Structure formats: C-alpha cells, structure tokens
Chemist: 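This is the structure, below, for whatever I ask next.
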Protein chains: 2
Amino acid sequence: MNAAKDTTEDKILEAATQVFVQKGMEGARMQEIADAAGINKALLHYYFRSKDKLFDAIFSKIVSFAFPKIGQILQAELPFVDKVEQAIDTYLDLLLKHPYLPGFILKEVNRDPSVFFKLVMKHGFKLEPIFQVMQEAMDRGELIRMKPEHLVVNVVGLCVFPFAAKPVISFVAFNEDPEATQAFFEERREEVKQFVIRAIQPIN
Amino acid sequence: MNAAKDTTEDKILEAATQVFVQKGMEGARMQEIADAAGINKALLHYYFRSKDKLFDAIFSKIVSFAFPKIGQILQAELPFVDKVEQAIDTYLDLLLKHPYLPGFILKEVNRDPSVFFKLVMKHGFKLEPIFQVMQEAMDRGELIRMKPEHLVVNVVGLCVFPFAAKPVISFVAFNEDPEATQAFFEERREEVKQFVIRAIQPIN
DNA sequence: GTCTATAGTTCGATAGAC
DNA sequence: GTCTATCGAACTATAGAC
C-alpha cells in the first residue's frame with residue numbers, strides 16, 4: 001500500500017499506518033510509532049502537529065485505498081452476473097492482501113463517524129450509479145427484483161464480515177489452526193460468488 | 001438485558017455495561033462509569049478491583065447473552081429451511097434490540113482475542129452439532145451441498161455486518177436519515193431470509 | 001459501604017541544545 | 001531536521017476519614 005521512499009516523512013507514514021491499523025487510534029502510542037519509524041517522539045510532532053492530525057492522514061489514505069471505484073467494473077458491457085463476480089474478485093483480492101482493514105475501519109467509524117463522513121464527501125463516493133446499473137439489470141430480467149441497497153449490503157457483508165470476525169472464526173471453527181483458517185478465507189472467493197449468484201438469479 | 005435491582009453492585013454493572021458497550025474498553029473512563037452509576041470512582045474499585053476485572057465481568061455477561069444456543073432451534077423437527085428462518089428471526093430480534101453489540105464485540109475480540117477465547121471454552125460453545133444438522137439436511141436433499149462453515153459465516157455475516165457498519169450505511173445510502181435507516185434495518189429480516197433461502201435451496 | 005483527597009503512571013506535547 | 005529532557009494533563013488506583 002505504501003510506496004516506501006526513504007524520507008523521514010515516508011518512514012513515519014509507513015510506521016504510523018502499521019501501528020494505527022493494528023492498534024486503532026486509541027490503542028496506538030506515539031512512542032511505538034516513533035520506534036517503528038526508527039526516530040523519536042519529538043520528530044513525529046515536528047512533521048505532524050498532533051496524534052490526531054497524524055491519524056487523519058493515515059485514515060484518509062486507507063479509506064481512499066479501500067473504497068476504490070468498483071463503479072467502473074459495474075459500468076462495463078458485461079452480463080450483470082459477470083460484473084458481480086468481477087466486483088467480488090476485486091474486493092476479496094484487496095481484503096486477502098490487507099486483512100486488517102475491515103476491523104480497523106469498522107472500529108474507527110464507530111468511534112468517530114464524522115471523520116469518515118468528511119472523507120466520503122471529499123472524495124464524492126456515490127452509490128446511485130451502482131443502484132442504476134442494478135435497476136437496469138432487473139429491468140432486463142438478469143437479476144431478481146430487490147432493493148439495490150440490500151444487494152450491496154449483502155455482497156459487502158459476505159466479503160467483509162469474515163475478516164472483521166477472523167479471530168472468532170479461527171478459534172471457534174478451526175481451533176486456531178492458521179493453515180485451515182487461511183484455506184477457508186481463500187475458499188471464500190468461489191463460495192461468495194456462487195452464493196450470491198444463486199441468490200440473485202431469476203428462476204427461468 | 002439487565003435485571004436492574006437497586007443494589008450498588010447492580011447499578012455499577014448497569015452503568016458499566018452502557019459505557020463499555022458504547023466506548024469500548026479503551027475509550028471507557030472509570031469516572032464516566034461512576035457518574036452514570038451515581039457514585040464515585042473509589043467505590044468502583046471497592047466492588048471490582050480494577051478496570052480490567054470490571055470489564056471482564058461485563059464482557060462475559062454480554063458474550064453469553066449474544067451467543068445463545070441457536071443449537072436448540074436447529075435440533076427441532078422442522079424442514080431445514082424453516083429452521084434457518086427461525087434462527088435468522090431469533091438473531092435479528094436480538095440485534096434490533098441491541099444494535100451496538102456487533103461493533104462492541106468485534107472491536108474487543110480484535111483488541112484481545114484471549115479474553116473471548118476463555119469465555120468460549122468456559123461456556124463450551126460448539127459448532128459441531130450445527131454442522132451435523134446441516135450435513136443431514138444435505139443428505140436428505142433439503143440443502144445444496146456446501147461446507148457448513150461457509151453457510152454459518154454467510155448467515156451470521158448477513159445478519160451482523162449491517163449493524164457493525166451502521167454509521168457507514170446510514171450516511172452513504174440514506175443521507176443519515178434515521179427513519180429511512182431504521183426502516184432498512186427492519187426490512188432485513190425478510191430480505192436476509194429470502195436471500196439465504198434462494199442461495200441454499202437445491203434446484204429441483 | 002461510601003466518601004474526599006491524592007499518590008503513581010502513562011502519554012501527548014513542547015522547550016531548547018546541536 | 002533531529003535529539004534529550006521534561007512539562008502537564010488525564011486517568012487508574014489507593015489511603016484514610018467517617
């Protein structure tokens with residue numbers, strides 16, 4: 001996620017990202033970030049005035065990274081089912097590479113929604129184009145009739161939830177075996193696609 | 001959730017539950033809990049030796065409340081589809097009454113999984129009986145063939161995820177209109193049931 | 001059991017030398 | 001720009017009177 005140049009500012013951003021994502025805003029310590037960056041606390045405050053400002057910089061970077069424009073996939077000239085498969089693939093790729101993102105983002109959004117809201121407005125994320133693609137697919141009979149909001153929440157939930165609940169799943173279902181857990185998460189790529197497709201395909 | 005007797009200990013437990021669930025272990029302040037209980041900080045330490053111990057008491061209560069034995073529903077003599085509907089109904093009832101639980105539990109489980117693990121072992125939650133019911137339904141042809149782990153994760157995710165992501169959904173999809181958001185969450189009872197049933201019913 | 005007062009720590013932030 | 005040293009606020013925990 002980080003193009004790691006060697007300037008001090010970049011080292012700080014990289015270290016802060018790692019610590020904030022793992023511990024959250026409240027759990028992270030400026031000292032730990034300084035250690036991870038190989039510098040001292042005073043220098044953190046020299047580059048970013050406060051812990052809040054440093055966190056905002058990292059959170060902004062992560063949100064714009066994790067909310068990419070799936071819209072583009074959905075605009076392509078493909079059967080709707082194929083678009084859904086591509087969207088799920090794209091998201092699960094990203095999540096398998098960055099499994100901590102769901103837990104981190106959900107935690108911070110519940111702690112202080114306003115920070116997230118400002119970012120959404122700044123970047124102009126909109127659901128309407130996605131809803132419209134779904135509506136057209138329904139009109140063409142490629143998709144069962146349902147509220148687009150529910151379909152989006154269902155698909156995102158099926159992709160994202162297991163990562164947010166990873167410790168629970170690993171312990172309860174796989175006795176904390178890391179390999180079995182990892183295999184399960186990789187299986188979900190096919191599992192989620194097939195589950196969603198069965199749920200949304202009209203019966204001929 | 002609390003049988004509110006009037007003893008000081010009960011007032012503490014009630015106040016601590018409210019503050020911990022809303023702010024989390026790291027965000028909660030002993031002073032705030034004391035204020036909410038109408039007492040002072042010293043008395044918190046008199047009843048519970050430390051913030052950690054107080055938190056453990058609350059977390060234990062909440063986990064055993066939120067992980068009820070759905071096993072019983074699944075053991076009943078009903079078609080598998082009906083069992084699934086009942087299980088979803090039961091869980092969404094609980095979540096609609098206690099919408100903060102998913103965010104709280106996910107946050108704390110990611111912060112310190114070991115506390116949760118001890119509780120699971122103490123209460124002896126097991127998935128095997130649920131898996132077995134699913135396996136039998138597959139053998140009878142009432143359920144499409146799939147790994148039981150995925151079905152459980154899918155159903156739980158569809159129920160739980162929207163609550164953990166409520167601020168995001170409310171803002172992005174409903175412009176923070178509380179009534180529209182509430183209506184959406186109530187619709188999910190039927191939505192989730194139909195979505196799951198379509199996804200798991202064998203094609204005749 | 002309940003209170004006031006305060007000790008003891010942790011941590012974000014800043015002063016000031018180099 | 002980078003460091004050491006330290007301040008000051010916030011917070012958990014305890015001492016001791018009633």
Side-chain angles (χ1 to χ4, degrees), chain A residues 2-62 104 107-108 110-112 114-115 118, chain B residues 2-62 104 107-108 110-112 114-115 118:
Chain A
N2 263 325
K5 282 178 253 171
D6 261 6
T7 87
T8 299
E9 181 163 350
D10 288 325
K11 283 193 293 185
I12 291 175
L13 284 173
E14 192 176 358
T17 301
Q18 186 220 325
V19 174
F20 274 132
V21 166
Q22 204 191 326
K23 305 269 176 87
M25 166 66 183
E26 283 167 345
R29 297 290 165 250
M30 294 297 267
Q31 184 62 58
E32 189 179 357
I33 295 174
D35 292 346
I39 56 168
N40 62 357
K41 273 194 299 181
L43 212 48
L44 289 182
H45 288 88
Y46 175 80
Y47 278 90
F48 300 83
R49 281 181 51 82
S50 66
K51 184 183 182 184
D52 267 314
K53 288 199 175 21
L54 177 55
F55 177 79
D56 283 354
I58 268 70
F59 192 61
S60 169
K61 194 183 57 171
I62 286 182
F104 171 67
K107 181 196 296 182
E108 299 305 330
N110 279 294
R111 186 182 61 87
D112 181 3
S114 65
V115 177
K118 283 174 201 153
Chain B
N2 263 326
K5 285 177 251 171
D6 262 7
T7 86
T8 300
E9 180 163 351
D10 289 324
K11 283 193 291 184
I12 291 175
L13 284 172
E14 193 175 358
T17 301
Q18 185 219 327
V19 174
F20 275 131
V21 166
Q22 205 190 327
K23 305 269 175 87
M25 166 67 182
E26 283 167 346
R29 297 288 164 250
M30 295 296 267
Q31 184 62 60
E32 189 178 356
I33 295 173
D35 292 346
I39 57 167
N40 64 357
K41 274 191 301 179
L43 212 48
L44 290 182
H45 287 89
Y46 175 80
Y47 278 90
F48 301 83
R49 282 180 50 81
S50 67
K51 184 183 180 184
D52 268 312
K53 288 199 173 22
L54 177 55
F55 178 80
D56 284 354
I58 268 70
F59 192 62
S60 169
K61 194 182 60 171
I62 286 181
F104 171 67
K107 181 196 298 182
E108 299 305 331
N110 279 294
R111 187 182 62 85
D112 181 4
S114 65
V115 177
K118 283 175 200 152

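Every chain is numbered from 1 and lettered A, B, ... according to where its sequence line falls, protein lines coming before strand lines. Here the structure is a predicted model, which means the values were calculated and not measured.
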Chemist: What is the distance from CG of A/Asp10 to C1' of D/dG1, rounded to the nearest Å?
Modeler: 15 Å
Chemist: Write down the distance between CZ (A/Arg49) and P (C/dT14), rounded to a whole number of angstrom.
Modeler: 6 Å
Chemist: side-chain contact (heavy atoms from CB on, under 4.5 Å) for A/His45 and A/Met30? Distances and angles first, verdict last.
Modeler: CA-CA 9 Å; A/His45 288 88; A/Met30 294 297 267; 3.8 Å; yes
Chemist: Drop me the distance from B/Ile12's CD1 to B/Phe48's CZ, to the nearest 0.5 angstrom.
Modeler: 6.0 Å
Chemist: Taking only the side-chain nitrogens and oxygens of B/Thr8, find out if one of them lies under 4.0 Å from OP1 or OP2 of C/dT2.
Modeler: yes
Chemist: Rounded to whole angstrom units, what separation is found between the CD atom of A/Glu32 and the P atom of C/dT10?
Modeler: 15 Å
Chemist: Test side-chain contact (heavy atoms from CB on, under 4.5 Å) on A/Phe20 and A/Ile33 and set out the steps.
Modeler: CA-CA 8 Å; A/Phe20 274 132; A/Ile33 295 174; 3.9 Å; yes
Chemist: Checking all strands, does B/Tyr46 fall into the base, sugar-phosphate, or nothing category for heavy-atom contacts under 4.0 angstrom?
Modeler: base
Chemist: Hey, is the side chain of A/His45 poking within less than 4.0 Å of OP1 or OP2 on C/dT14, counting only N and O atoms?
Modeler: no
Chemist: In whole angstrom, give the distance that lies between atom CZ of B/Phe55 and atom P of D/dT12.
Modeler: 14 Å
Chemist: Rounded to whole Å, how long is the line connecting atom NZ of B/Lys53 with atom P of D/dT14?
Modeler: 10 Å
Chemist: If you assign each of A/Ala42 and B/Ala42 to its closest nucleotide in DNA chain D, which residue comes earlier from the 5' end?
Modeler: A/Ala42
Chemist: Examine B/Arg111 relative to B/Phe55 and say whether NZ or CZ is less than 6.0 Å from the centre of the six-membered ring and inside a 45° cone about the ring axis.
Modeler: yes
Chemist: Measuring to OP1 and OP2 of D/dT12, would you say a side-chain N or O of B/Arg29 lies under 4.0 angstrom away?
Modeler: yes
Chemist: Could you give me the CA-CA distance, side-chain angles and deciding distance for A/Met25 and A/Lys51, then say whether side-chain contact (heavy atoms from CB on, under 4.5 Å) is met?
Modeler: CA-CA 9 Å; A/Met25 166 66 183; A/Lys51 184 183 182 184; 4.0 Å; yes
Chemist: D/dT2, OP1 or OP2 - any side-chain N/O from A/Asn40 closer than 4.0 Å?
Modeler: no
Chemist: Rounded to the nearest Å, what distance is computed from the CG atom of residue A/Leu43 to the P atom of nucleotide C/dG16?
Modeler: 19 Å
Chemist: Please give, in whole Å, the distance from D/dA10 P to B/Glu26 CD?
Modeler: 19 Å
Chemist: For B/Lys41 and C/dA7, give me the distance from atom NZ to atom P, rounded to whole Å.
Modeler: 14 Å
Chemist: For B/Ala34, report the nucleic acid contact type (base, sugar-phosphate, nothing); a contact means any heavy atom under 4.0 Å.
Modeler: nothing
